[in-house]
Every structure is written in structure tokens, then in C-alpha cells.
Amino acid sequence: MNLGKYKNLIFYITTIAFFSCLMYFFIIEGQTLEIKENIVDKTSSGSTWENFQESFKTNLHHPLALLLAQIVIIILTARLFGWICMKIRQPSVIGEMIAGIILGPSLLGMYFPEFSAFLFPKESLGNLQFLSQIGLILFMYIVGMELDLSVLRKKAHDAVVISHASIIIPFALGIGLSYFIYQEFSPDGIQFTSFALFIAISMSITAFPVLARIVQERNLQKTKLGTIVITCAAADDITAWCILAAVIAIVKAGSFTSSIYVIIMAIAYVFLMIKIVRPFLKRIGDLQAGKNTINKPIVAIFFLTLILSSYITEVIGIHALFGAFMAGAIMPENAKFRTLFIDKVEDVALVLLLPLFFVFTGLRTQIGLLNDSHLWMTAGFIILTAVVGKFAGSALTARFVGINWKESLTIGALMNTRGLMELIVLNIGYDLGVLGPEIFAMLVIMALFTTFMTGPALDFINFVFKSKKDEDEPIPENDSKYRVLLSFDKPESGSTLLRLANDFTHKMNGNKSITAMNIAPVDEMHAYDINEYEESQFQNVIETSHELNLEVATLFKASTDIENDLTSITNKGHYDLLLIMLGKSMYEGSLLGRLLGFTTKIINPEKLLNTVKGKGNIFNNSPFDDFTLQILDKANIPVGVLVEKDFTAADKVFVPIFNLSDFYLLEYAKRLINNNNSQIIILDAAGQIRNNIEVKELIRSIEQVAPNHITLYNEKKIEKEFLNSQNLMLISSKSWKNLIDTKSLWLSDIPSTLIISNP
């Protein structure tokens with residue numbers, strides 16, 4: 001017997017047994033020491049079950065357990081309402097703001113007071129507040145990084161008038177509003193100046209992050225209008241936060257005279273950050289030039305800069321959030337570096353910590369306090385003042401400087417977006433005691449209303465000023481070009497689909513039009529690097545078009561609803577064929593996956609290769625992923641879905657015909673012959689071609705133009721070697737479904753496959 005083979009097992013058993021006996025010995029001996037101590041036997045005071053219940057209740061109310069439970073409920077609720085808002089084409093931040101109010105006393109506390117008291121007891125709110133403040137600090141850091149200061153320097157002269165008018169007009173109206181509501185709604189002991197300044201600044205705020213996402217989603221980022229709006233919002237953000245810092249200093253000091261020292265220190269702090277810290281950070285950023293990762297020591301330096309900056313501004317008296325914003329704004333301007341750093345911060349800040357702030361705001365918002373018509377009328381008057389000041393003020397100023405009415409009103413609608421930035425200002429005012437519960441609730445409602453109205457206002461403006469020259473208008477029907485639209489999510493997929501489109505249209509010269517489209521989720525991009533993002537997405541497509549000497553139009557769109565935007569563009573554009581890659585749905589997955597903001601890749605190349613080698617069924621008895629199914633269902637033109645397996649060119653093409661409804665595939669086979677000199681092998685799987693005069697005539701007409709390019713194959717058994725020798729298989733969506741349902745042996749050997757569905 002070979003004992004060496006079992007030595008590890010023998011050692012393991014011996015070690016466990018020896019040390020278990022040793023522990024048992026010390027426990028037994030240790031119990032004898034209890035005689036000298038005053039030990040209370042807890043088991044004698046109640047049953048084991050009662051003791052367990054008592055222990056469980058204690059654990060349930062432990063601060064850490066309670067905080068974790070709060071985080072779970074908050075994130076799930078925030079993601080749910082954020083997802084709902086995205087589906088109705090509203091920014092997800094609106095859903096998260098609504099989720100906060102729902103979890104607060106306005107709904108949960110009113111209708112389920114016991115559960116609300118258990119989940120959000122007053123003693124737990126301190127922990128929630130501090131965590132939410134960390135989330136806000138990280139968020140303001142991201143906001144600062146998303147500001148493209150180079151654009152501000154280049155375009156400031158075009159937008160400075162609009163930007164400053166969009167602040168001063170609502171600011172003045174806010175002070176005027178304060179005159180009428182001060183006596184009724186200001187907390188005791190608060191001076192008029194402090195109250196009026198906070199009302200005024202709440203009227204003046206624009207939510208730069210939300211505005212930037214809307215601009216991206218509506219494809220305005222490359223237009224003159226988009227540039228003006230982004231520049232206005234960026235300048236607005238910087239100006240408003242500087243004013244807010246001064247307002248906080250005045251409120252804390254009690255008067256403007258007393259705040260002069262604070263303002264002087266704030267100016268010195270800004271000078272230090274711009275003239276000393278910023279060059280230092282730039283040198284560090286230059287060390288990472290060209291790299292795709294940031295090493296931990298450098299990450300630590302930037303995080304320390306963020307924390308120290310926030311600490312200094314908090315100590316000075318102008319709030320930690322201004323320091324976080326400033327730390328982000330002075331980051332190295334290299335777009336790739338900022339993208340890498342934002343990716344490190346964003347998920348934790350936006351997904352985990354920021355929803356805590358929305359709920360903390362919701363816990364402070366008591367809409368139930370507005371319990372009579374007078375209070376609601378006051379809230380309506382506040383909303384009217386906010387909209388007139390920001391919307392009308394921005395729009396009229398834009399019109400005054402020479403911008404047409406449509407673009408002026410669009411600027412006004414976008415600048416009126418307040419979103420999360422407004423809530424930050426309101427919470428600062430609440431913490432300082434300047435805003436009481438009633439006026440706080442009214443201003444939160446105003447923030448929700450002005451953010452929610454942005455989308456409908458833009459749609460209404462576009463409807464009123466609808467022009468025949470709009471880019472989204474369909475192509476005229478009398479244009480006889482054969483139009484192919486290819487939509488891709490990854491650069492390499494775009495290149496592959498372009499090669500396939502070229503095989504269908506190569507010899508058509510001026511009678512063809514190929515458009516490559518990339519629709520990207522808004523959340524994948526940042527305001528300052530959208531051009532670089534677009535360029536990287538289309539790089540492979542452009543290189544392939546040069547290689548093929550092919551003229552290609554490109555179309556890029558940021559979206560919150562990829563499926564609907566794709567089908568809308570497809571159906572409006574009068575295209576003849578849509579090509580997509582079978583694979584990824586940006587918004588696919590379970591409900592939980594959607595709530596948590598995760599994306600699920602249904603099929604990836606490795607999984608596909610494993611499947612075609614017989615290692616599994618990628619489709620789980622479904623011929624398409626849900627994303628593709630939605631496209632096939634909604635598109636009113638033919639759709640080609642490519643299952644890619646090292647596709648390069650459609651030189652040898654296999655076309656199985658399983659029934660009469662598959663005959664439309666011969667038209668696509670004919671295009672490949674005419675434009676790519678493809679060799680086509682048609683499998684008469686059902687034996688129906690030989691007896692169909694119309695189909696035989698079509699094949700004969702093809703042979704007359706291109707002899708020896710089409711072969712009719714009648715064999716019932718398809719050999720593996722035959723399938724492996726083909727470059728592409730053309731198959732109908734119905735026949736593809738049948739292959740999947742029957743788990744056909746073909747699936748282990750098929751070449752790249754284009755599944756064509758006729759509407």
C-alpha cells in the first residue's frame with residue numbers, strides 16, 4: 001500500500017482531531033473558573049426560542065444591520081423608479097427623486113407609519129446623512145470633471161450673456177418672491193437677507209449633468225445649439241456655485257461685512273487650487289498618458305486632493321461640496337484620463353451612495369404639510385416664478401443676441417432643468433436652518449416639476465417649429481437608391497457588418513447608400529468626451545470603408561431606449577435593409593438586473609463558438625435574444641441578423657430552402673452574385689423548387705447573367721465538410737427558428753449565418 005498517496009489526508013485528519021481535543025480540554029477546564037465569578041445563566045431567564053427572538057430583534061435594530069437594510073430598500077426603489085422614468089423618456093434622476101419622496105413621510109410614513117418608523121428611525125438618520133454626504137462629495141467631483149474648461153475658454157464669448165442672464169433674472173425674481181413669503185414661511189430668527197439669498201439661488205440653479213444627458217440623448221451635442229447650451233450650463237454651474245459659496249459665507253457669518261474674511265479665504269483657496277495644485281496634478285496625469293489603467297498610488301493622490309479640498313472649504317465655511325466641485329474642475333484635461341477616473345468613482349457614487357441622498361431629502365420633505373389651498377397656491381406661484389425666471393429669462397436673452405425663436409426656446413427649456421443640483425442647494429439651506437419644512441417641501445416640488453417639464457417642453461417646441469429640413473425627416477420616396485442601414489454596438493461588429501453590406505451593394509456605384517449607425521446608452525458617456533467616444537466607436541468602420549473604397553454615412557445617437565430609437569430611425573429612413581449583429585441587448589436581463597442598472601450580454605463570441613462546437617444551446621430554445629426579437633417585431637423593412645463566426649466575405653454562400661415561404665432569399669442570393677460574384681449553392685430541402693416554374697425561371701435568369709454562379713443541391717444529408725467550406729449561410733427567420741427548436745446537428749458546423757426576416 002502506497003502511504004505517500006494518503007499523507008495529506010492523514011495529516012489533515014490528525015491535525016483537526018488533535019486541535020479539536022485541545023480546544024475541548026481548555027473549554028472544560030475554563031468552566032471551572034466560573035465559580036469565582038458572578039456569572040448569570042441567561043438560559044434560566046426564558047426558553048431557548050424566546051432568547052433567540054430577543055437576540056434576533058437586537059440584531060435587527062443594530063445600527064449596521066439597519067443601515068444595510070436601508071441601503072438595499074433605497075437602491076431597489078431608486079432603480080425601479082429611475083427605470084420607469086427612462087421608459088417614459090424622462091431622466092432617471094426624476095425617478096430617483098420621486099423614490100426619495102415615496103420612502104419619506106409624504107407616502108410611506110403617512111400610510112405605513114409603523115414600517116416607516118422601523119426602517120427609518122430618527123436615531124438612524126445621522127448615519128444615512130453622513131453616507132449621503134460622501135455620495136454628494138463624489139458626485140460633485142464627477143460634475144467638476146465633466147466640465148470641459150477648454151470649451152468654456154473657446155466658446156465663453158458666445159454664451160456668457162445668456163448664462164449670466166439665466167442667473168441674474170431668476171435671482172432677482174427670487175429675491176422679489178422672498179419679499180412676499182418671508183413673514184409667513186421663514187423660520188424664526190432668520191434674517192430676510194439670508195432667506196432671500198437662498199430662495200434666489202434656488203431659482204437660479206441649472207442641473208448641468210441632467211442637461212448634458214438630455215443634449216446627448218437628443219443628438220444636439222454636435223450642433224451649434226448643443227454647444228451653446230452646454231457652454232451656458234457649464235458657465236452657469238461655475239457661477240452659481242461661486243455665488244452659493246458666498247451666500248453660505250454670508251448666512252453663517254450673519255452679515256455681508258462679517259463674511260468678508262470668509263470670502264477672502266475662499267478666493268485664496270481658489271487661487272491655490274488653480275495656480276499650484278492644478279499644475280501639480282497635470283504633471284501626475286502626464287505620467288499616465290497613453291495608459292489604459294491608473295495605478296493605485298496615483299488614485300490615492302487624487303482622492304487625497306478631493307478630500308483635502310472638501311475639508312478646507314468646509315472649515316473655511318463655504319461647504320465641502322464646493323471643494324469637491326473645485327477638485328474635479330482642476331483635474332488634468334486629458335479626456336481619456338478623466339474617463340478612467342470617472343469610471344472608478346461613478347458606480348459607487350451614483351448607484352450606491354447618491355440614492356441615499358434622494359431618500360434623505362425625501363425624509364425631510366413633508367408634502368402633507370401643504371394641507372390647504374393657500375399653501376398649494378403659494379407652491380404654484382413659486383413654480384411660476386422659477387419657470388419665468390429661468391425659462392423665459394434664458395429664452396428672451398438668447399433671442400436678443402440673435403438666435404432664432406426655436407433655438408431660443410430650446411435653450412430656455414434646457415436651462416430650466418434643475419434636478420439633483422437644486423436638491424443639493426435646498427438641503428444646504430435646510431441644514432443651515434434658513435429654510436423651514438413647508439418652504440422646503442414647496443421648493444422640492446418645484447425642482448421635480450421643472451425637471452420633469454424639460455422633455456415635454458422640448459417635444460412641444462419641436463412640434464410647433466417642425467421643419468421639413470429637420471434631420472429626422474424621412475428620405476423622399478422618389479429616391480431610387482438601394483439603402484442599407486447597419487446598426488452595431490461594438491466597433492469590430494460595425495466593421496464586419498460593413499463588409500457584409502458591401503458584398504450586397506459593391507457594383508451598384510451611385511445607386512446605393514450605406515449608413516453605419518451606433519446608438520449608445522447615455523450612461524456610458526460623459527459630457528466632455530462624447531466626441532472621443534463617437535470617434536472610437538466608428539474608427540473600425542471608417543478604416544474598413546477606406547480599405548473597401550466605400551462611401552459610408554455615419555449616424556451616432558445617445559439614447560435611454562435603444563430598441564425604440566433603433567426601430568424609429570429604421571422605419572422613418574426608408575431603408576431597404578437593416579443589418580444587425582445577433583448578440584447584445586443594452587437593456588436586456590431580469591427585472592432585478594434592470595433595477596440595479598446592470599446590462600446582460602445574451603450571447604458573446606466565445607459562447608457562440610462553444611455552441612457551434614456542440615457545447616451548449618445559446619438560445620435556450622429561443623432563436624433570438626430579446627433585443628433582436630423587439631427589432632424584428634417593430635421594424636417594417638427586411639432585417640438581416642448576422643450570427644458571426646470569423647466572417648470576412650460572402651464568396652461561398654449556402655441557401656437552404658425549407659418551404660415556399662423561403663423563396664425571397666433568392667433575391668438576396670441574386671444581389672450577392674451581381675455585386676460580389678458569389679458562388680451560391682441552393683439546398684432544395686423540401687423538394688419544392690424542382691416543381692415551381694417561377695423559381696426555376698428566376699434561377700435561369702440568374703444563370704444567363706452570371707453562368708456557373710448558382711447551383712441547385714438536392715442532397716438530403718449535408719456533410720460537415722460542406723458546411724465548413726462555406727463563408728456564409730442565408731436562412732429565413734422561420735427556418736432558423738426551426739433549426740433551434742429541433743436542435744439541428746447543423747448548428748455545430750454552420751458558417752457565419754445571415755438570418756433574413758421579411759416584415
Side-chain angles (χ1 to χ4, degrees), residues 90-91 93-94 97 139-140 142-144 146-149 151-152 155-156 158-174 198-218 220-221 225-245 247 321-322 325 328-329 382-383 385-398 403 407-428 443-444 446-455 457-458 527-528:
Q90 286 288 344
V93 67
I94 293 178
M97 290 163 69
F139 171 74
M140 291 306 300
I142 293 170
V143 171
E146 286 189 332
L147 285 176
D148 190 344
L149 297 178
V151 172
L152 279 177
K155 303 290 183 180
D158 297 329
V160 68
V161 175
I162 302 171
S163 174
H164 287 176
S166 73
I167 291 177
I168 192 64
I169 294 173
F171 199 92
L173 291 179
F198 257 97
I199 295 295
I201 198 70
S202 69
M203 298 288 125
S204 307
I205 286 291
T206 291
F208 175 78
V210 178
L211 181 145
R213 297 295 188 269
I214 294 173
V215 167
Q216 291 167 5
E217 181 191 343
R218 292 179 179 259
L220 298 172
Q221 68 274 4
L225 172 64
T227 304
I228 290 173
V229 171
I230 288 291
T231 309
C232 283
D236 193 301
D237 234 22
I238 292 173
T239 307
W241 279 99
C242 290
I243 294 173
L244 179 63
V247 168
L321 296 182
F322 182 81
F325 175 79
I382 289 172
I383 293 171
T385 305
V387 172
V388 169
K390 203 73 175 176
F391 190 123
S394 302
L396 292 174
T397 306
I403 299 174
E407 293 188 349
S408 296
L409 291 171
T410 301
I411 290 171
L414 288 166
M415 294 298 286
N416 191 47
T417 303
R418 285 176 173 82
L420 171 61
M421 309 301 284
E422 177 77 2
L423 296 190
I424 294 172
V425 172
L426 298 181
N427 275 275
I428 292 173
L443 291 171
V444 168
M446 180 270 287
L448 275 170
F449 182 87
T450 53
T451 307
F452 188 87
M453 70 176 283
T454 303
L458 290 174
Y528 66 87

Rounded to the nearest 0.5 Å, what separates atom [atom1] in [X] from atom [atom2] in [Y]?
| X | Y | atom1 | atom2 | answer |
| --- | --- | --- | --- | --- |
| I199 | I382 | CD1 | CD1 | 6.0 Å |
| L443 | L423 | CG | CG | 10.5 Å |
| S166 | L414 | OG | CG | 11.5 Å |
| Q90 | M453 | CD | CE | 11.0 Å |

Within the 4.5 Å heavy-atom criterion, are [X] and [Y] side-chain neighbours or not?
| X | Y | answer |
| --- | --- | --- |
| I424 | W241 | yes |
| I169 | L396 | no |
| V229 | I162 | no |
| S202 | L426 | yes |
| M415 | L211 | yes |
| L321 | F139 | no |
| L458 | I214 | yes |
| V210 | T454 | no |

What heavy-atom pair brings [X] and [Y] nearest, and what distance separates the two atoms?
| X | Y | answer |
| --- | --- | --- |
| A200 | F171 | CB-O, 3.3 Å |
| F198 | L244 | CE2-CD1, 4.2 Å |
| S408 | I403 | OG-O, 3.1 Å |
| R418 | T450 | NH1-CG2, 3.3 Å |
| F391 | A457 | CE1-CB, 4.4 Å |
| T451 | G419 | OG1-N, 2.7 Å |

Which residue in the set T385, T206, N416 passes side-chain hydrogen bond (donor to acceptor under 3.5 Å, both in side chains) when paired with K390?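 Among T385, T206, N416, the one meeting side-chain hydrogen bond (donor to acceptor under 3.5 Å, both in side chains) with K390 is T206.
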
Donor-acceptor under 3.5 Å ([X] side chain, [Y] main chain):
| X | Y | result |
| --- | --- | --- |
| T417 | A207 | no |
| S204 | P170 | no |
| S394 | G412 | no |

Set out, in order, the CA-CA distance, both residues' side-chain angles and the distance that settles side-chain contact (heavy atoms from CB on, under 4.5 Å) for V215 and L225, then state yes or no. CA-CA 10 Å; V215 167; L225 172 64; over 6 Å; no

